[in-house]
Structure formats: C-alpha cells, structure tokens
Amino acid sequence: VNTDTTDFRTLIAKIKSHGADAIYLPLYGVGLHAVLKDARNLQFKGALLTADSFADYDIQEAGQAAEDLYLTQVWFDNKTFSEKYQKKNNSK
C-alpha cells in the first residue's frame, strides 16, 4: 500500500472476507495509525502485527487501536507497555 494512505476500510473488508488470521503492517506514521483504527472499527478479529518502525508516538496517535498489537522487534522501550506486557503474559 502507499504509505500515506489513510482509508483502509475496503482493504480490511477484503481481508476479513478471506478469513485471514492476521495482518502484518510494516507501516509507519499516519498510514499505520489509520489501518489500526480501521481494523478495530471494522472489528477484524485476527492478530495485528507491526514492524520495527513502531514507537511511543504511535501508541499516542493510534490510541486504543494499538491495544493487543504484536511487535516484531526487540528494541521497543516503553515502561508502561513493558509492565502491561509482563503482567498480561507473566513474562518479560
């Protein structure tokens, strides 16, 4: 997708119709925030995963849509996120 896309509703609907279990979103900025929000608003039930571009700023911008997002990186350093992750998964 184009990285400045802000409307992913058609794409999410198509993905849902195919019964996908997950969507990998190696996007950043406005595009990432928009696709997360659209996926949540359209009640996509599968896993949402993102890549190494994810940062604190993205949590603030995506808000609730960033909840339960899987990160495929190891350097993300956010104390609140780390505490919630450890509590939820009983693991560091």
Spacing of [X] atom [atom1] and [Y] atom [atom2] [to the nearest 0.5 Å]:
X: I23; Y: K16; atom1: CD1; atom2: NZ; value: 10.0 Å
X: I59; Y: E67; atom1: CD1; atom2: CD; value: 8.5 Å
X: D21; Y: I15; atom1: CG; atom2: CD1; value: 12.0 Å

Any donor and acceptor pair, going by atom type alone, linking the side chain of S91 with main-chain N or O of Q86 inside 3.5 Å?
->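 A pair under 3.5 Å: no.
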Side chain of D38, backbone of R40: donor and acceptor closer than 3.5 Å?
->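 Absent.
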For E83, does the CD atom have more than 12 heavy-atom neighbours from other residues, nucleotides or ligands under 6.0 Å away?
->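 Correct, the count exceeds 12.
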Report, as yes or no, whether the 6.0 Å neighbourhood of atom CG on N90 holds more than 12 heavy atoms from other residues, nucleotides or ligands.
->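 No, because the 6.0 Å sphere around CG of N90 holds 12 heavy atoms or fewer from other groups.
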Members besides Y70 in its Ile/Leu/Val/Met/Phe/Trp/Tyr cluster (side-chain heavy atoms under 4.5 Å) =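 Y24, L49, which link up through side-chain heavy atoms under 4.5 Å apart, make up the rest of the cluster.
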Taking only Lys NZ, Arg NE, NH1 and NH2, and the carboxylate oxygens of Asp or Glu, determine whether K88 and D68 approach each other closer than 4.0 Å.
-> yes
Using distance only, find each side-chain donor-acceptor pair of residues 26-35 under 3.5 Å and give its atom names and separation, not counting sequence neighbours.
from: H33; atom 1: ND1; to: G29; atom 2: O; distance (Å): 3.1
from: H33; atom 1: NE2; to: G29; atom 2: O; distance (Å): 3.4
from: H33; atom 1: NE2; to: D58; atom 2: OD1; distance (Å): 2.6

Could you please spell out the steps behind the side-chain contact (heavy atoms from CB on, under 4.5 Å) verdict for F8 and L36?
-> CA-CA 9 Å; F8 291 90; L36 289 173; over 6 Å; no
Under a 4.5 Å cut-off applied to non-hydrogen side-chain atoms, are F81 and L71 in contact?
->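 F81 reaches L71 side chain to side chain.
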